Structure formats: structure tokens, C-alpha cells
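I have placed the structure first, in the form of C-alpha cells, so that the comments after it can refer back to it.
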Amino acid sequence: MDLKPVRVRFAPSPTGRMHLGSARTALYCYLLARRTGGQFILRIEDTDRKRFVEGAEQELINGLRWLGIHYDEGPDVGGPYAPYRQTERQQIYQKWSNELVARGHAYPCFCTPDRLEKVRQEQQKQKQTPRYDGLCRQLDPAEARRRVDAGEKHVIRFKMPTEGQTRAVDHMRGEITWENAQLDDAIIIKSDGLPTYHLAAMTDDFEMKVTHVIRGSEWLSTFPLHVNIIRALGWPEPVWMHLSVFLKPSGKGKMSKREQAAALGDGHSIFVTDLKQLGYIPAGVLNWIVLMGWGVAEDDVMTLDQMVQRFDIDHLTASPAAINFAKLDHFNGTHIRLLDTPTLAPLLKPFFAAEGYTVDDETLLKVTPLIRERLVTLDDCIPFAGWFFKESVSPNPADLVAKGLTPANSAAIANRAHDILSGLPAITHAEAEPPLRALVEELGLNPNQVFGILRVAVTGQVVSPPLFESMEIVGREKVLARIRAAIRLLETM
RNA sequence: GCCCCCAUCGUCUAGCGGCCCAGGACGGAGCCCUCUCAAGGCUCAAACAGGGGUUCGAGUCCCCUUGGGGGCACCA
């Protein structure tokens with residue numbers, strides 16, 4: 001691919017939550033900018049006041065920050081082409097809209113929503129493609145001008161060519177051709193004076209000197225409109241790329257609200273801020289989404305920096321990708337394992353806190369290496385290590401009985417172990433294991449049987465981090481006390 | 001209904017005419033390691049949607065069919 005520095009923008013509208021699709025678009029934009037040493041811009045497309053959602057912009061920004069996708073220019077950081085919120089750029093769109101009308105490429109339309117709706121219904125009844133019937137396109141420009149000046153309510157429509165074809169090139173898909181006769185005269189300025197996406201995005205991309213437009217494939221159908229606007233104004237054309245959508249895990253269509261809720265109940269989500277709360281880390285999420293639409297032959301575990309090194313827009317995939325949460329889990333676990341203890345431990349803390357545990361850093365730092373390779377998500381630290389921060393544990397009596405043995409036998413074994421351990425000045429991994437192994441040998445049992453009793457006695461659970469390391473962290477007095485409690489429990493069975 | 005896009009293992013993908021009786025990853029199965037659970041190592045099963053062309057040669061190029069997806073708003 002060409003490595004000349006580019007200017008790319010991520011241009012979401014603050015109308016909802018930030019989902020995986022947006023995150024991937026932002027990621028690809030970011031990767032391309034960094035790869036070429038260019039700039040990555042965040043632009044807020046907030047011209048739809050009806051669907052505007054308070055706080056959505058902040059969630060977007062938080063999401064990008066959390067993922068580590070940093071932008072060079074944006075509403076909160078400024079930049080040479082500020083402002084970066086479209087509602088603050090209204091005069092600019094007005095100017096270019098006027099220019100379009102002056103050049104005969106656009107016209108005022110006085111049709112009411114009511115009339116438009118009737119036309120649409122009529123067309124549908126006749127099995128025709130619903131589109132504007134061009135009534136106001138015939139209007140004499142001077143007459144139209146007079147009505148506008150008189151304050152008559154109107155919109156501005158772009159005058160699409162009616163003959164021939166429109167051709168445009170998508171970098172991933174090649175040349176695409178449309179019959180102009182199929183195209184519609186889209187509204188570019190609404191009656192509230194604000195532009196629609198079509199005018200606003202094209203204008204800003206021009207004004208902000210955007211060289212590469214990476215956006216969702218939902219824009220493919222309005223692609224010919226956009227290139228016609230640009231060409232009518234004589235603006236340079238960017239490199240276009242329309243990324244495909246993400247499909248639900250079954251591969252059939254997009255995720256519905258209901259399915260989103262089901263995924264959440266399962267510990268998964270398509271929303272970035274949810275993922276953070278569910279215990280996913282940015283590196284895992286990033287590695288997961290970057291591979292949905294971009295393939296690497298081998299070594300698919302990558303950090304953000306490694307992605308930058310390898311990213312190549314010539315090798316993006318155009319086909320829709322089904323979401324696979326199992327793969328997210330895999331990448332998340334893999335990247336957690338890549339974290340060193342001083343980095344991982346603080347990430348775990350809020351999850352312990354959320355469960356009501358008070359954790360001291362000293363213990364946490366010792367516990368972290370023991371559970372690191374067992375974590376798929378950060379919140380897995382609770383079942384594995386929550387018990388470390390409890391004053392006492394309450395084992396299920398039945399779990400204390402070793403496989404193939406009676407409660408009495410188990411109690412006797414626990415007693416022997418207790419004697420051995422109490423004879424040690426301190427219970428460390430190095431000092432405790434040999435004599436207990438010897439005990440296993442002497443009794444002619446499996447390590448599993450003996451260590452299993454102790455595991456349940458000390459940790460209160462059947463699954464835990466390694467026994468000896470765990471006992472060392474818990475400390476001699478507590479270990480011995482818990483074994484004695486377990487013996488008493490076994491004796492009452 | 002109309003327009004446009006897409007099509008390799010269940011899933012994400014490598015492949016850009018011969019290196020492919022198709023490679024990697026997830027998931028699945030088995031084995032090894034092992035104090036539980038993991039992690040790790042090894043092995044196995046698993047795909048070029050179908051049909052026509054072009055070519056000495058096609059997963060790779062073209063066409064059709066089928067299937068899937070997106071769009072058809074004074075939303076983005």
C-alpha cells in the first residue's frame with residue numbers, strides 16, 4: 001500500500017452507544033493514520049437533532065480512550081480545522097449549498113412531508129421504487145428564489161443526473177456503477193437549516209483535507225450521491241473504503257435488541273463500555289475486532305503497536321463477518337497472560353471491590369501471578385481468588401471427603417497433614433510440599449486425594465490456584481486453623 | 001419490488017493463475033503434562049456454494065444460478 005501520510009476521520013453521530021462496528025471503523029482509521037504517519041480525526045456528526053442522545057459523545061470519547069485509539073484532532077482536543085462538531089459548522093454547509101444552487105446542481109424544494117408520504121405510498125402501490133418525483137426540480141429558478149426569499153418553508157435537494165451512469169471506485173471492492181436513472185434527488189439541507197449527512201460529511205471531508213474515507217457499508221447505497229456532490233463542486237476525491245457490517249453469531253443478520261440482552265446475560269456485549277465492565281481488556285478487544293475484516297497469515301496475537309506495523313488497507317475483506325464471542329474470550333485471556341504483575345494487579349482491584357472485598361496490595365501482588373493464566377476476563381479473579389480476602393472459609397463438608405475414602409479416613413489424613421505442617425516454622429511452598437508428598441507416598445494414595453482434602457479445607461472450594469503457593473500466601477496460622485476446622489467438620493459426618 | 005455489495009473449514013481468515021490433494025486462528029475431539037482449574041505441548045476431524053466459460057493450467061479471471069448482507073427518510 002501507499003505509505004504517504006494520510007488524513008482519516010472517524011465520524012460517528014451521537015445517537016446511541018458505541019458498538020463493535022464503530023470501534024472497528026475507528027481502529028482501522030487509526031491504524032491507517034499511524035501506519036502512514038498521518039492524522040486521525042474525530043468528528044461528531046450531530047446534525048440530527050431528533051435522534052441526538054445526551055452523553056453519547058462522551059461515551060464515544062471514553063470508549064476510544066479506553067481502547068487506546070487516540071485522535072490527533074477532535075471536539076475536545078481541538079485542531080487546525082476546528083470546530084469538529086457539525087452543528088457548530090452550519091455556515092460552512094450553507095455556503096456550499098448556495099454554491100451548489102448557484103451552479104444549478106441543487107434546488108429548493110417546497111414539497112411538504114405530507115405530499116412526499118403520499119407520493120411514496122402511491123409508488124409502492126404501483127410496485128415502483130419509492131423516490132422523489134422531481135416536482136420542484138421543474139420550478140423556474142427565479143420563481144423558486146422568490147418563494148425562498150419570501151420565507152416559504154423549504155429544503156434543498158441535490159440535482160442528480162438523470163441519464164448515463166455514475167462510476168466510483170471503492171478501494172476494497174473496485175469500480176461500482178449505477179444507472180443514474182435509478183438515483184434520487186436527495187435532501188442536502190433540511191427545513192431546519194441543518195445539512196443532512198450527505199452534504200455535511202462531504203463538505204467536512206473537503207474542508208478538513210481528508211484523504212481516505214473509511215466508513216460502514218451502509219453508505220454504499222448513497223455513495224453515488226456523495227461522489228456526484230464532490231464532482232459538482234470540483235473537489236478532490238478521497239480514497240473510499242466501505243467496511244462490511246458485523247453479523248450476529250449465527251451469521252444471519254444484525255443483532256437485535258433482544259439478542260443483545262441475551263449476550264449480556266452470557267457475559268458478552270457488542271457495546272464497548274459494557275465490555276470494559278465485563279472484564280475485557282482493550283488489547284483483547286482490539287485484537288479480536290481487528291481480525292474481523294482483516295486477515296493475517298500467521299501470528300495473529302498482536303498489540304496495538306504491532307497492528308500499526310502490519311496494517312495494510314490493500315488486504316481488507318469486503319464480506320460481512322459474524323461475531324464470535326468465543327474468540328473474544330480467547331484473545332482476552334491471551335492478552336491478560338501477556339500482562340506483568342504490576343500491570344495486572346491494579347486492573348483486578350476494581351473487580352474485587354465491586355464484590356465487596358477489601359484487598360491489600362501486598363496480598364494482591366502475591367495472588368496475581370497465581371491466577372493470571374486462569375483468567376479469561378478480569379472478573380474471573382473473584383471465583384479463583386476472592387477467598388484469599390476472606391477471614392474464614394466455609395467448605396462444603398461433602399467436598400472434604402477424598403474420592404474413594406470415607407469421612408473418617410479423610411479426617412485422619414487431614415490430621416497427619418496438620419501435624420506435618422504444624423511442625424514447620426513457616427508454611428512455604430518449598431518446605432511444605434516434600435513432606436506432604438512423602439505422606440501421599442506413605443499412605444499409598446493419589447496426590448489428588450490428599451491435596452484435595454487440604455485444598456477444600458484451606459480455600460473452601462474445589463477449584464483453586466495451586467495449593468502450596470496458596471497456603472504460603474494465606475499463612476501458617478490460618479492454614480492450620482482451617483485444617484482443624486475441616487477435621488471437626490469431617491468428624492461430625 | 002428496485003438498487004448495490006458479498007461468497008474458502010461451524011466461525012474469523014491466508015490465498016491476489018502453477019508454490020494449495022488449500023495454510024493459520026477460534027471452537028470441537030484425542031493424547032501428554034499435572035495437587036483441582038487453567039496454561040502449555042503434540043495429534044486428528046473440518047472448506048474452495050452450484051453450473052457454465054477463458055486458459056496448457058482456476059480457490060484465484062468472466063458469466064449465470066443460488067445463498068447471504070446492506071440500502072430505498074427533512075436518520076446517520
Side-chain angles (χ1 to χ4, degrees), chain A residues 11-16 45-48 50-51 109 111-113 116-117 120 123-124 126-131 153-157 170 172-173 176-179 182-184 186-192 194 196-198 200-201 215-224 242 244-245 247 249-254 288 291-301 314-315 317-331 333-334 337 371-376 380 383-384 433 436-437 440 446-456 459 461-468:
Chain A
S13 56
T15 53
E45 313 231 329
D46 56 351
T47 55
D48 185 353
K50 291 194 204 79
R51 293 200 313 154
C109 171
C111 294
T112 62
L116 262 18
E117 186 52 33
R120 236 190 315 269
Q123 287 166 332
Q124 258 155 359
Q126 314 227 330
K127 298 238 184 271
Q128 292 171 329
T129 305
R131 51 202 278 233
K153 196 160 181 148
H154 68 283
V155 301
I156 304 294
R157 284 182 187 272
D170 176 286
M172 308 162 57
R173 302 162 196 263
I176 304 172
T177 305
W178 295 264
E179 291 297 329
Q182 302 277 0
L183 273 20
D184 203 0
I187 291 172
I188 56 175
I189 298 277
K190 297 177 273 188
S191 57
D192 65 2
L194 284 169
T196 55
Y197 172 91
H198 315 301
R215 57 189 343 190
S217 67
E218 65 268 24
W219 296 113
L220 227 31
S221 57
T222 44
F223 190 14
H242 294 86
S244 288
V245 293
L247 272 21
S250 66
K252 307 264 185 207
K254 290 203 268 195
W288 180 48
L291 257 14
M292 289 197 270
W294 174 48
V296 294
E298 253 135 79
D299 302 322
D300 62 358
V301 175
D314 296 346
H315 291 268
T317 320
S319 54
I323 291 170
N324 182 349
F325 288 117
K327 202 150 186 168
L328 167 61
D329 287 343
H330 165 257
F331 278 119
T334 301
R337 268 170 254 133
I371 61 174
R372 174 172 34 223
E373 66 198 22
R374 286 162 239 271
L375 304 178
V376 170
D380 287 340
F384 278 116
E433 184 165 5
L436 285 176
R437 291 251 173 223
V440 169
N446 299 324
N448 222 335
Q449 294 172 296
V450 177
F451 298 161
I453 297 170
L454 297 178
R455 177 189 318 286
V456 175
T459 72
Q461 39 194 64
V462 291
V463 172
S464 82
L467 178 63
F468 299 104

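Note that the structure is predicted; figures quoted are calculated from it, not measured. Heavy-atom basis, side chains included; hydrogens, waters and symmetry copies ignored. Quick note on labels: first sequence line is chain A, next is B, and so on, each numbered from 1.
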Which nucleotide wins on minimum distance to the side chain of [X], given the candidates [options]?
{"X": "A:Leu116", "options": "B:A39, B:G70, B:C74", "value": "B:C74"}
{"X": "A:Pro320", "options": "B:G69, B:A76, B:A39", "value": "B:G69"}
{"X": "A:Ala322", "options": "B:C35, B:A76, B:U11", "value": "B:U11"}
{"X": "A:Gln182", "options": "B:C75, B:C35, B:C2", "value": "B:C2"}
{"X": "A:His330", "options": "B:C6, B:G71, B:G27", "value": "B:G27"}
{"X": "A:Arg51", "options": "B:G1, B:C37, B:C75", "value": "B:C75"}
{"X": "A:Phe384", "options": "B:C37, B:A39, B:U36", "value": "B:C37"}

Backbone N/O of [Y] and side chain of [X]: donor-acceptor pair under 3.5 Å:
{"X": "A:Thr317", "Y": "A:Ser319", "answer": "no"}
{"X": "A:Glu45", "Y": "A:Ala200", "answer": "no"}
{"X": "A:Thr47", "Y": "A:Thr196", "answer": "no"}
{"X": "A:Asp170", "Y": "A:His242", "answer": "yes"}

Say we look at [N] and [M]: how far apart would their [atom1] atoms be, to the nearest angstrom?
{"N": "B:G71", "M": "B:A38", "atom1": "P", "result": "41 Å"}
{"N": "B:A45", "M": "B:C26", "atom1": "C1'", "result": "15 Å"}
{"N": "B:C33", "M": "B:G23", "atom1": "P", "result": "29 Å"}
{"N": "B:A22", "M": "B:U8", "atom1": "C1'", "result": "8 Å"}
{"N": "B:A14", "M": "B:G53", "atom1": "C1'", "result": "27 Å"}
{"N": "B:C32", "M": "B:A39", "atom1": "C1'", "result": "14 Å"}
{"N": "B:C6", "M": "B:A29", "atom1": "P", "result": "37 Å"}
{"N": "B:G67", "M": "B:C48", "atom1": "C1'", "result": "16 Å"}

[X] [atom1] - [N] [atom2] separation (whole Å):
{"X": "A:Leu247", "N": "B:C12", "atom1": "CG", "atom2": "P", "answer": "8 Å"}
{"X": "A:Asp300", "N": "B:G15", "atom1": "CG", "atom2": "P", "answer": "14 Å"}
{"X": "A:Glu218", "N": "B:C3", "atom1": "CD", "atom2": "C1'", "answer": "16 Å"}
{"X": "A:Ile323", "N": "B:G27", "atom1": "CD1", "atom2": "P", "answer": "18 Å"}
{"X": "A:Asn324", "N": "B:C9", "atom1": "CG", "atom2": "P", "answer": "14 Å"}

Applying a 4.0 Å non-hydrogen cut-off, can you work out what [X] is touching in the nucleic acid: base, sugar-phosphate, or nothing?
{"X": "A:Thr47", "result": "sugar-phosphate"}
{"X": "A:Ser217", "result": "sugar-phosphate"}
{"X": "A:Pro447", "result": "sugar-phosphate"}
{"X": "A:Leu291", "result": "sugar-phosphate"}
{"X": "A:Val245", "result": "sugar-phosphate"}
{"X": "A:Gly333", "result": "nothing"}
{"X": "A:Pro224", "result": "nothing"}
{"X": "A:Arg372", "result": "nothing"}
{"X": "A:Phe223", "result": "nothing"}

Just jot down the salt bridge (Lys or Arg N to Asp or Glu O under 4.0 Å) partners of A:Glu433, sequence neighbours excluded, or say none.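 Partners of A:Glu433 by the salt bridge (Lys or Arg N to Asp or Glu O under 4.0 Å) criterion, ordered by chain and then number, come out as A:Arg437.
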Assigned partner base of [N], Watson-Crick or wobble definition, under 3.5 Å:
{"N": "B:U36", "value": "none"}
{"N": "B:A49", "value": "B:U65"}
{"N": "B:C42", "value": "B:G30"}
{"N": "B:G1", "value": "B:C72"}
{"N": "B:A14", "value": "none"}

Check nucleotides 58-67 of chain B against the protein and report each pair of N or O atoms closer than 3.5 Å, with its distance, or say if there are none.
none

Nearest 0.5 Å, what's the [atom1]-[atom2] distance between [X] and [Y]?
{"X": "A:Met292", "Y": "A:Ser244", "atom1": "CE", "atom2": "OG", "answer": "12.5 Å"}
{"X": "A:Ile189", "Y": "A:His154", "atom1": "CD1", "atom2": "NE2", "answer": "8.5 Å"}
{"X": "A:Ser221", "Y": "A:Asp184", "atom1": "OG", "atom2": "CG", "answer": "11.0 Å"}

Counting only side-chain N and O atoms of [X], is one of them less than 4.0 Å from OP1 or OP2 of [N]?
{"X": "A:Arg337", "N": "B:G40", "value": "yes"}
{"X": "A:Lys50", "N": "B:C75", "value": "yes"}
{"X": "A:Lys327", "N": "B:G24", "value": "no"}

Considering non-hydrogen atoms only, spot the tightest contact between A:Ile371 and A:Pro465 and give its length.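 Looking at all heavy atoms of both residues, the closest pair is CG2-CG, 3.8 Å.
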Look at the aromatic rings of A:Phe451 and A:Phe468 and report parallel, tilted or perpendicular, splitting at 30° and 60°.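 Perpendicular, since the angle between the ring planes exceeds 60°.
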Under 3.5 Å, is there any donor-acceptor pair linking the side chain of A:Arg455 to the base of B:C35?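 For A:Arg455, whose side chain was compared with the base of B:C35, there is a donor-acceptor pair (under 3.5 Å).
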Check: B:C6 base within 3.5 Å donor-acceptor of A:Ser319 side chain: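 When only heavy-atom distances are counted, A:Ser319 does not reach the base of B:C6 through any donor-acceptor pair under 3.5 Å.
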Name the residue closer to the 5' end of RNA chain B, choosing between A:His315 and A:Thr177 according to the nucleotide with the nearest heavy atom.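 Result of the comparison: A:Thr177.
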Return the 5'-most residue of the pair A:Leu183, A:Gly452 with respect to RNA chain B, ranking by each residue's nearest nucleotide.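 The 5'-side residue here is A:Leu183.
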